[in-house]
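Just so you know, ligand 1 is whichever comes first in the structure, and atom 1 is the first atom listed for that ligand. What you are looking at is a predicted structure, and each value in this text was computed from that prediction instead of being measured.
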Amino acid sequence: MNKGLLVVLSGPSGVGKGTVCSVLRRKQADLVYSVSATTRAPRQGEIDGINYFFKTREQFQDMIATDALLEYAEYVGNYYGTPRDFVERTLCAGKDIILEIEVQGALKVKEKFPEGVFIFLLPPSLDELKQRITGRGTEAAEVIDHRMSVAMEEMNLIQYYDYAVVNDEIDAACHRIQSIITAEHCRKDRFLAGLEAAKEASKKA
Ligand code: 5GP
């Protein structure tokens, strides 16, 4: 009954998942953020342990071999993965945790945590998405083209998610996500399991 919510925020590259997550982190202090491991090189301003745990390929493969990752995916030539232990400990402590990950990884998490809350972040339009991917100005032209074609495939996977949130404006998108989390805490199923456990405990007492 006291387990936290596992929230997965996913969607195509460039849709603004990172920005939405960092604003959510500021707005909702009780929402814990899962820091991923990656083999990608840090971008300017990114800090190890805050934005990502930056790993070599060997270190990442070691994490895979020791089952230290809840999920991982290879995305545009680099590995990305969610450290398992931190997620499990946070949920057991009754805290909500948010994973900001791409769609392949999100679907793997769904197999393990079907009770999770899966939110797909959408761009206001495809033109806007391309502009956002290009506008970041940190990637080479072929990386942008690759990311755009990956993004188009990713859009088709929206059917596996519970919610769709349009990121037309950051604060509005954050507000929608916060409303979803509030509503999910009120689902009767989350109370019924606890009620059954409490009934069993009172029978034994
Ligand atoms: P970026 O290189 O732009 O930071 O991230 C590229 C993609 O990897 C984004 O779609 C981001 O959400 C995703 N990503 C970040 N961390 C993880 C992770 O732990 N697992 C998976 N599957 N994807 C991740």
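When non-hydrogen atoms are compared, ligand 1 lies under 4.0 Å from the backbone of Tyr80 as well as from its side chain. At a 4.0 Å heavy-atom cut-off, ligand 1 touches Arg43 through the side chain alone.
With ligand atoms numbered from 1 in the order given, ligand 1 contributes 22 (N) to contacts under 4.0 Å with heavy atoms of Ala73. Short contacts between ligand 1 and Tyr75, defined as distances under 4.0 Å to a heavy atom of the residue, involve ligand atoms 6 (C), 7 (C). Per-residue contacts place Gly105 under 4.0 angstrom from the following atoms of ligand 1 (heavy atoms of the residue considered): 22 (N). Which parts of ligand 1 touch Ser36 is read off a 4.0 Å heavy-atom cut-off, strictly below it: atoms 16 (N), 17 (C), 18 (C), 19 (O). Under a 4.0 Å criterion applied to the non-hydrogen atoms of Arg40, ligand 1 contributes the atoms 1 (P), 2 (O), 4 (O). Ligand-side atoms of ligand 1 in range of Gly81: 18 (C), 19 (O), 20 (N), range being under 4.0 angstrom from any heavy atom.
Taking only nitrogen or oxygen atoms, main chain and side chain alike, Glu46 does not reach within less than 3.5 Å of ligand 1. An N or O contact shorter than 3.5 Å is missing between Tyr72 and ligand 1 by distance. Considering backbone and side-chain atoms together, Ala37 places no N or O closer than 3.5 Å to any N or O of ligand 1.
Under the side-chain contact (heavy atoms from CB on, under 4.5 Å) rule, Leu24 has a single partner from Ile177, Ile170, Ile181, which is Ile177.
Other residues, nucleotides and ligands place no more than 12 heavy atoms under 6.0 Å from the CZ atom of Arg187. The number of heavy-atom neighbours closer than 6.0 Å to NZ of Lys108, taken from other residues, nucleotides and ligands shown, is above 12. Counted within 6.0 Å of CD on Gln159, heavy atoms from surrounding residues, nucleotides or ligands total more than 12; the atom is thus considered enclosed. The 12-atom threshold is exceeded at NZ of Lys55, counting heavy atoms of other residues, nucleotides or ligands nearer than 6.0 Å. Crowding of His175 atom NE2: a count of heavy atoms from other residues, nucleotides or ligands under 6.0 Å not exceeding 12.
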Donor-acceptor pairs are to be reported for all side-chain atoms of residues 109-122 against protein atoms at under 3.5 Å, with residues two or more places apart or in another chain.
| residue | atom | partner | partner atom | Å |
| --- | --- | --- | --- | --- |
| Lys110 | NZ | Tyr160 | O | 2.6 |
| Lys112 | NZ | Leu70 | O | 2.6 |

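Applying the 4.5 Å side-chain rule to ILVMFWY residues, one finds Phe60, Ile64, Leu69, Tyr72, Tyr79 in the same cluster as Met63.
For the ligand labelled ligand 1, residue Gln104 lies outside the 4.0 Å heavy-atom shell.
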